> 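Below you will find the structure I want to go over with you.
Given the structure is predicted, the values throughout are model-derived calculations rather than measurements.
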Amino acid sequence: MKKAGLMVLAVFALLVVFDRILMPLYIAQGQHKTVPEVSGMDYDDAVRVLRDAGLDARKSYHVKYLSRIDSNIVISQTPVAGSLVKPGRTVYLVVNRQEKPSFQMPDLYGRPEFDVRQTLARLDLSIDNVQISTVTTPEEDGRVISQSIPAQTMVKSGASVSIIVGKLEIEAEGLRKIAVPDVLGMSLSEAQETMSGNGLSTGRITYEYSAILVPNTVISQKPGANAFVSPGMPVDFTVVTAAE
C-alpha cells in the first residue's frame, strides 16, 4: 500500500509539472504576433504601436537622402505588416537621413541633355531652367554648353541647376556670318592664308615703318578680330616695313 501511495504521489507530481511548467513552455513556443502596419507613421508613434503589440523597434536609415520626406516619418518596415513573428521580434523602421549629403557638382559640359537629366535625377538634383542657344558645329547640337553651378562646386541634395543646351541651325548662305580671325603678329603671307582659309579675302595693304617691330608682320587689321562679317569680306592690313 505504501508503495502504491508513493506511485500515486509521483504521478500526481508529474501531472503538476506537466501542467504548470511544460505546457506553458510548449504553448509559449507556439505563440506568435502579427506585425502591425506602421509605414507612414511618425517614428515615435510607430515605436509605441510595436511595443503595444509585444514587439521591439530599431531605427535604420534609407540608403540615400530623399528630398521632401521628413526624417521622422517611417518610410518602410522589416518585417512587413501582416507577418507572423515571435514575441519580442525586432522590427526595423527605415527613416530618411536628417542631413542632406554634400557632393561635387558633376561636369555637364558636352553631354547630351537626356544624359544630364538622368545624372541629376540620380543625385537628387533638379533642373531649374533650360535655355537654348544657337551653335554652329554639329558636335554641340543637343548638348550642354553651359551650367549655372560650375563643376566641382560642393552642393547638397535637392539643389537646382540651370543649363544651356546647344541647337544647331543651318543659316542661309546670304545670312551666314564669319568671325574674323586674329592675325596680328603674323607675317603678311600667313595672314592672307588664314583669311582665305576662313572664307575671307585680302583687302587693302598699308605699310608702316617701325625700327623696333619685325618687318613684314601685321600690326593692324580692319575689320578687327572676332568681328562677324559676310563670307568673302575683304580684310585690310597694316604691315611693318623696315624702310622709311
> Main chain of S39, side chain of Q77: is a donor-acceptor contact present, judged purely on distance under 3.5 Å?
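Checking the backbone N and O of S39 against the side chain of Q77, a donor-acceptor pair under 3.5 Å is found.
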
> For M41, does its backbone N or O pair with a side-chain atom of D45 as donor and acceptor, under 3.5 Å?
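The answer is no, because no donor-acceptor pair under 3.5 Å joins these two groups.
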
> Group every Ile, Leu, Val, Met, Phe, Trp and Tyr by side-chain heavy-atom contacts under 4.5 Å, then state whether L188 and Y209 land in the same group.
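No.
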
> Look up atom OG1 in T202 and atom CZ in F237, then write down how far apart they are to the nearest 0.5 Å.
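The OG1 atom of T202 sits 4.5 Å away from the CZ atom of F237.
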
> Minimum heavy-atom separation for P223 to P234, with atom names?
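Looking at all heavy atoms of both residues, the shortest contact is CD-O, 3.9 Å.
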
> What is the minimum heavy-atom distance between I219 and L213, and which atoms define it?
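Looking at all heavy atoms of both residues, the shortest contact is CG2-CD1, 3.8 Å.
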
> Among D70, V74, V47, N72, find the one that has a side chain to side chain contact (heavy atoms under 4.5 Å, CB included) with D42.
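When D70, V74, V47, N72 are each tested with D42, the side chain to side chain contact (heavy atoms under 4.5 Å, CB included) holds only for N72.
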
> Report, one line per pair, each donor and acceptor closer than 3.5 Å where one atom sits in a side chain of residues 139-148; sequence neighbours left out.
unit_1	atom_1	unit_2	atom_2	d
E140	OE1	T137	OG1	3.1
D141	OD1	L168	N	2.9
R143	NE	E139	O	3.4
R143	NH1	G110	O	2.8
Q147	OE1	L108	N	2.8
Q147	NE2	P106	O	3.2
Q147	NE2	I149	O	2.7
S148	OG	S162	N	2.8
S148	OG	S162	O	3.4

> Going by atom type alone, with no hydrogens or angles, which donor-acceptor pairs under 3.5 Å involve a side-chain atom of residues 123-130 and a protein atom two or more places apart or on another chain?
unit_1	atom_1	unit_2	atom_2	d
D124	OD1	S67	OG	3.2
D124	OD2	S67	N	3.3
D124	OD2	S67	OG	3.2

> Would you say the side-chain atoms of S60 pair up with the backbone N or O of Y92, donor to acceptor, closer than 3.5 Å?
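No, S60 side chain to Y92 backbone: no donor-acceptor pair under 3.5 Å.
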
> For D56, which residues count as a side-chain contact (heavy atoms from CB on, under 4.5 Å) partner, sequence neighbours excluded?
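By the side-chain contact (heavy atoms from CB on, under 4.5 Å) rule, D56 matches T90.
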
> Rounded to the nearest 0.5 Å, how far apart are CD of Q192 and OG of S201?
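So the gap between those two atoms works out to 10.5 Å.
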
> Of all heavy-atom pairs between V235 and Q221, which one has the smallest distance, and what is that distance?
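V235 and Q221 have their closest heavy atoms at CG1-CB, 4.3 Å.
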
> Treating Ile, Leu, Val, Met, Phe, Trp and Tyr as nodes and any side-chain heavy-atom pair under 4.5 angstrom as an edge, say whether I73 and L93 lie in one connected cluster.
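Not linked; separate clusters.
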
> Only counting residues at least two apart or in another chain, list the ones meeting side chain to side chain donor-acceptor pair (under 3.5 Å) with S196.
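Partners of S196 under the side chain to side chain donor-acceptor pair (under 3.5 Å) test: none.
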
> Of the non-hydrogen atoms in V80 and S83, which two are nearest, and what is the gap between them?
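It is O-OG, 2.9 Å.
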
> Would you sort out whether R48 and D44 count as a side chain to side chain contact (heavy atoms under 4.5 Å, CB included), showing the intermediate values?
CA-CA 6 Å; R48 283 193 290 270; D44 292 335; 4.2 Å; yes

> Quick one: NZ on K33 to NZ on K86, what's the gap to the nearest 0.5 Å?
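With rounding to 0.5 Å, NZ (K33) is 12.0 Å from NZ (K86).
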
> Does anything in residues 105-115 form a salt bridge (charged side-chain N to carboxylate O under 4.0 Å, His left out)? List the pairs, not counting sequence neighbours.
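Every salt bridge (charged side-chain N to carboxylate O under 4.0 Å, His left out) pair that includes a residue of residues 105-115, provided the two are not neighbours, is R111-D115, E113-R117.
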
> State whether the number of non-hydrogen atoms from other residues, nucleotides or ligands found under 6.0 Å of K59 atom NZ is greater than 12.
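Yes.
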
> Answer with yes or no whether the hydrophobic clustering places V49 together with V95; edges join I, L, V, M, F, W, Y residues whose side-chain heavy atoms lie under 4.5 Å apart.
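As far as the 4.5 Å side-chain criterion goes, V95 and V49 are connected within one cluster.
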
> Which value, rounded to the nearest 0.5 Å, describes the distance between K167 atom NZ and T134 atom OG1?
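The NZ atom of K167 sits 8.0 Å away from the OG1 atom of T134.
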
> Hey, does the side chain of E190 reach the backbone of S187 with a donor-acceptor pair shorter than 3.5 angstrom?
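It does hold such a pair.
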
> Which pair of non-hydrogen atoms, one from P79 and one from V85, has the smallest distance, and what is that distance?
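Closest pair (atom of P79, atom of V85, distance): CG-CG1, 4.1 Å.
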
> Specify the closest pair of heavy atoms between N96 and Y61, including all atoms of both residues, with the distance to one decimal.
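Scanning both residues completely, I find the closest heavy atoms to be O-CD2, 3.9 Å.
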
> With R58, which residues qualify under salt bridge (charged side-chain N to carboxylate O under 4.0 Å, His left out), at least two apart?
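Per chain and number, R58 pairs via salt bridge (charged side-chain N to carboxylate O under 4.0 Å, His left out) with no residue.
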
> Output the distance between atom OG1 (T119) and atom CZ (F114), rounded to the nearest 0.5 Å.
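If we round to the nearest 0.5 Å, T119:OG1 and F114:CZ are 9.5 Å apart.
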
